[in-house]
Amino acid sequence: MNKGLEMAHSKKNINLKLKVWRQKNNQQSGEFKTYEAKDVSPDASFLEMMDSVNEGLVKKGEEPVAFDHDCREGICGSCGFMINGNAHGPQKGTTVCQLHMRHFKDGEELTLEPWRASAFPVLKDLVVDRTAFDRIITAGGFISVNTGNSVDANATPIPKPHADEAFLSATCIGCGACVASCKNASAALFTSAKITHLSLLPQGQVEREQRAIDMIAQMDAEGFGACTSTGACSASCPKEISLINIANMNKEFLKATLNRKEEAAGGDLA
Amino acid sequence: MSVKLDSKIPSGSIDQKWKNHKFNMKLVNPANKRKHTVIVIGTGLAGASAAASMGELGYKVKAFCVHESPRRAHSVAAQGGINAAKNYQNDGDSVYRLFYDTVKGGDFRAREANVYRLAEVSVNIIDQAVAQGVPLAREYGGLLSNRSFGGAQVSRTFYARGQTGQQLLLGAYSSMMRQVDLGNVELYTRREMLDLVVIDGKARGVIIRNLLTGEIESYEADAVVVASGGYSNVFYLSTNAMACAVTAAWKAHKRGAYFANPCYTQIHPTCIPVHGENQSKLTLMSESLRNDGRVWVSSKKGDARVASEIPDNERDYYLEQVYPSFGNLAPRDVASRQAKYRVDEGYGVNGGEQAVFLDFRDSIKRLGEDKIAERYGNLFQMYSKITGENPYKMPMKIYPAPHYTMGGLWVDYNLESTIPGLFVAGEANFSDHGANRLGASALMQGLADGYFVLPYTIGNYIANTQLNKVTTENEAFRFGVEGVKNEVEKFLKIKGQRTVESFHKELGRIMWENCGMARNKAGLTESITKIQKLREEFQTNINVTGDAHGINPELEKAGRVADFIELGELMCRDALVREESCGGHFREEHQVDGEAQRNDEKFCHVAAWEWTGSAAKPQIRHQEELAFENVKLATRSYK
């Protein structure tokens, strides 16, 4: 059984040409600049290759290419850019920091661009502002429970299938590849993953309807596009979050709007 | 001016200390809480949980993180699980047993009272996580699952497949963001703390560099929490993320916060080995894998055969041999050293590579691939992405790597440092784990500190302390801002020949070779000299591109590496003075049969170092004696 595993290919070092988007800051326009990545080991990760290219630039006194990155193991969601039009590059279920150079051939030309979406302004080179995602979470991606209130963890059994499904939706790392690969720059996959995760758990029931309404309202307010069921998002998602989440979100939204009662005075109680 | 170390451990029997303390601590009137501001630096598990809890209580919280979002904190990468003394498995666990295992796991170098409290509140953490919607793994009956972790003979670890850290962090993060929405927490992202402001001997604020604009900003508060994580990146290659740094803690150290036990570093036994010169970090393979994986090397030196060609009777399952009671789940320091011995003696896999095998053949045979995939699926995928090999069909190759730091800023029972009003939580502080941390307890400690300790102890501090009104117009803030601006300009002006990265790599090599798994007098002494030379060269020979305005990763790195170099020297010094072996600190001169040999008579204490005002003058060493009244000092054996 393959289970999405990757096998080693060539062992020889390779040379690549990189066309990289350079942009000084949010106020200035940007352009592509071409760089050579020489003598790259197939065992190196894409970002380690970028590190080498950057070391070379710094040694020449030039500013290195700025890109967000942190954990280098596919969980923090910091990294992400387009490689030849694919969010996080050509491998399924992989962030760009997990992408290894054994998947590229000697002499290949790669075009690197930041996530393109008006809700993700470019800050510098390949760095974009994804704080819109945090604002969507702030709008309702939580369960209102203060520290210290909680009943024993086993007091509320959760059927294993629900727990497992909730987990699958909860694995979203908030990288934004979904938005970047969508032709409408929709954040439906991100928003629906969180809505679905919490809607499957008994603890999420009390605020279920308000959560869907509020998070979707915030998503729209941020300027993301509408979902037209293209499916590019799920195909690019490094955690392989399913399109079912979007279908689920639409259902939640419909139910919530049909059932909506007047908001209690005082709104959200601390 | 030296500060006397007073741990402020409450009196009474160990199981009553925290209960009594909570009652004796002063409270802040609910209507008064909103008049007080608390700054939290770092928004990982410890920081986010502290910010959320303090915000819920009604304090005004200002939370800062270097990333673009709090959810990027490195807590997110923790894989295996979180311990709690729930005893859901009915296998003999209890608060006392978790306390005992942790004290023993720390090789009798932790403060008993702190550890007991940790075990006590561990049960509340799980309840809180579930209430927040953290999707911890469940059994078919709908109840929570558990697995075993190193150093324990009970199954007390709760997990969310292989990403427990991400899920717990998302729980704390979502609670914190709820407080942001309610206006109780102000969140400042892409901000790095570059100085602590002390007024009238109390921590009253911070100087921050805005990593987007380059501006130097100041913020005032009634109390400051540093929850900035650990310093494993002093080794350059570690399992830490790229932005992990000692900087926030180190700046506090330079303002008077003693740094405790810096040489207590943890090497994790199961990480993916280095592939080449351009390696940027090492990837952890969760300890949970050792529940079902068996560690082995060939019993023949220099054996170049592929694993499948080596029959069982020619395999040395060395952890099972040497530690029959704990087997593959021997604690990290013990397992790491055993791996190093095998490789040093020529038994490394594939004819002598720097790696040993972690083999799932037998558990796959016993449980089937599907069951293994359910437990570890994402970890196996991660392994294959990085190495190009299939761990379902051949054993994983693993080797120890720097992972966690038990050392950190000294704190008392209230998690307050030697600077009044400066509290330290999570991996950034030194307490609880002694000389070695058990698996699945870092997540436990970060959340214990943030949810269940700081909200009480900070309130107590505020209620008991005369806090004069302070604004950022105060001289101390203006001096702080000037100082930081000058330091930033200094890095940019040097225009030398070498990249900051090259210095970091060189420091890492010195530290790994001489202050890593095995240390000795000659190596440590030599390292101190090498690091001093490195520091001097750093000050005159780095080239930082760009300018002080806007995003400048090279400039950020310069500040962090400068602090690592100073820390590295202190670590070697600390290791040199501590002439014993305990936990992760292994002095070759002090061992019995390859196991750590403590010297309880001379070293049963915490070493807390005081900054003397200049990097050229070594810190002054203070001692906090440790008393073991509940767990008898014994040789730590896992055989």
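Quick note on labels: first sequence line is chain A, next is B, and so on, each numbered from 1.
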Completion exercise
Nearest heavy-atom approach of B/N278 to A/E48 is O-CG, 3.4 Å

Exercise for the section: Would you give the length of the straight line joining atom CG of B/N378 to atom CD1 of A/I75, rounded to the nearest 0.5 angstrom? Expected result: 7.5 Å

Problem - Interface residue of largest heavy-atom contact number with chain A, from B/N240, B/D127, B/V130, under 4.5 Å - result: B/D127

Problem - Student check: side-chain heavy atoms of A/V127 and B/R190 closer than 4.5 Å - result: yes

Handout entry: Residue B/Q167 versus chain A: region with a heavy atom under 4.5 Å
Key = side chain

Exercise for the section: Test A/C71 against every option in B/Q166, B/H74, B/M242 by the side chain to side chain contact (heavy atoms under 4.5 Å, CB included) rule and name the one that passes. Expected result: B/H74

Handout entry: When A/S169, A/P159, A/G93, A/A166 are compared by non-hydrogen pairs under 4.5 Å with chain B, the top option
Key = A/G93

Fill in the blank from the handout: With chain B, the option among A/E62, A/M49, A/K59 that has the most non-hydrogen atom pairs under 4.5 Å is A/E62

Fill in the blank from the handout: Separation between CZ (B/R71) and CZ (A/R130), nearest 0.5 Å, reads 9.5 Å

Problem - When B/P553, B/A52, B/G55, B/A160 are compared by non-hydrogen pairs under 4.5 Å with chain A, the top option - result: B/A160

Handout entry: Proximal component of A/L99, with respect to chain B [non-hydrogen, under 4.5 Å]
Key = neither

Problem - Part of B/Y383 lying under 4.5 Å from any heavy atom of chain A - result: neither

Practice task
For chain A, find which of B/T283, B/L144, B/L57, B/L169 contributes the most heavy-atom pairs closer than 4.5 angstrom.
Solution key: B/L144

Fill in the blank from the handout: Separation between CE (B/M285) and CD (A/E73), nearest 0.5 Å, reads 7.5 Å

Exercise for the section: State whether the side chain of B/E554 and the backbone N or O of A/P64 hold a donor-acceptor pair below 3.5 Å, judged by distance alone. Expected result: no

Exercise for the section: Under 4.5 Å, counting heavy-atom pairs only, tell me which of A/S150, A/A66, A/G74, A/G141 racks up the most with chain B. Expected result: A/S150

Problem - Shortest non-hydrogen contact from A/I143 toward B/A131 - result: CG2-O, 3.4 Å

Exercise for the section: Heavy atoms only: give me the nearest B/G133-A/H197 pair and the separation to one decimal. Expected result: O-NE2, 2.8 Å

Problem - Approximate separation, where rounding is to 0.5 Å, of B/K385 NZ and A/T94 OG1 - result: 3.5 Å

Problem - Close side-chain approach of B/R138 to A/N154, heavy-atom, < 4.5 Å - result: yes

Completion exercise
Counting heavy-atom pairs under 4.5 Å with chain B, the top scorer among A/L201, A/T171, A/T156, A/I158 is A/I158

Practice task
Let me know if B/T239 has heavy atoms under 4.5 Å from chain A in its side chain, its backbone, both or neither.
Solution key: backbone

Problem - Side chain / backbone / both / neither for B/K495 at chain A, heavy atoms under 4.5 Å - result: neither

Problem - Between CD on residue B/Q179 and CZ on residue A/F142, distance to nearest 0.5 Å - result: 9.0 Å

Handout entry: Portion of A/V145 that has a non-hydrogen atom of chain B nearer than 4.5 angstrom
Key = both

Completion exercise
Applying a strict 4.5 Å limit to non-hydrogen atoms, the region of B/F158 in contact with chain A is neither

Exercise for the section: Report yes if the side chains of B/E139 and A/K160 come closer than 4.5 Å at any heavy-atom pair, otherwise no. Expected result: no

Practice task
Can you establish whether the number of heavy atoms outside A/Q28 located under 6.0 Å from its atom CD is more than 12?
Solution key: yes

Handout entry: Over 12 foreign heavy atoms within 6.0 Å of OH, A/Y35
Key = yes

Completion exercise
With chain B, the option among A/T147, A/L57, A/D125 that has the most non-hydrogen atom pairs under 4.5 Å is A/T147

Practice task
To the nearest 0.5 angstrom, please state how far the CG atom of A/N146 sits from the CD atom of B/E56.
Solution key: 4.0 Å

Exercise for the section: Taking the side chain as every heavy atom from C-beta outward, state whether B/P70 and A/D134 have any atom pair closer than 4.5 Å. Expected result: yes

Completion exercise
Between A/A170 and B/L170 the two heavy atoms that sit nearest each other are O-CD1, 3.9 Å

Problem - Among B/S280, B/G171, B/S502, B/S53, residue most engaged with chain A (heavy-atom pairs, under 4.5 Å) - result: B/S280

Practice task
Using distance alone, with no hydrogens and no angle criterion, decide if A/E55 and B/T499 have a side-chain donor and acceptor under 3.5 Å apart.
Solution key: yes

Problem - Non-hydrogen side-chain atoms of B/I386 and A/Q98 separated by less than 4.5 Å - result: no

Handout entry: Contact origin within A/V128 toward chain B - heavy atom pairs under 4.5 Å
Key = backbone

Exercise for the section: Select, from A/T131, A/D68, A/D164, the one with the greatest count of heavy-atom pairs under 4.5 Å involving chain B. Expected result: A/D68

Problem - A/T138 versus B/D181, closest heavy-atom pair with distance - result: CG2-CB, 3.5 Å

Problem - Check: A/L168 and B/R161 side chains under 4.5 Å, non-hydrogen atoms - result: yes

Handout entry: Side chain, backbone, both or neither of B/E374 within contact of chain A (heavy atoms, under 4.5 Å)
Key = side chain

Problem - Lys/Arg N to Asp/Glu carboxylate O, B/K281 vs A/D51, below 4.0 Å - result: no

Exercise for the section: Pick one of side chain, backbone, both or neither for A/S78, based on which atoms fall under 4.5 Å of a heavy atom in chain B. Expected result: both

Practice task
Grab the two heavy atoms, one from A/K124 and one from B/I551, that are nearest each other, plus how far apart they are.
Solution key: NZ-O, 2.9 Å

Problem - Residue pair A/E63, B/T545: steps toward the side chain to side chain donor-acceptor pair (under 3.5 Å) verdict - result: CA-CA 6 Å; A/E63 268 203 80; B/T545 49; 5.5 Å; no

Completion exercise
chain A shares the most heavy-atom pairs under 4.5 Å, among B/K86, B/Q163, B/E501, with B/Q163

Problem - Side chain / backbone / both / neither for B/L187 at chain A, heavy atoms under 4.5 Å - result: neither

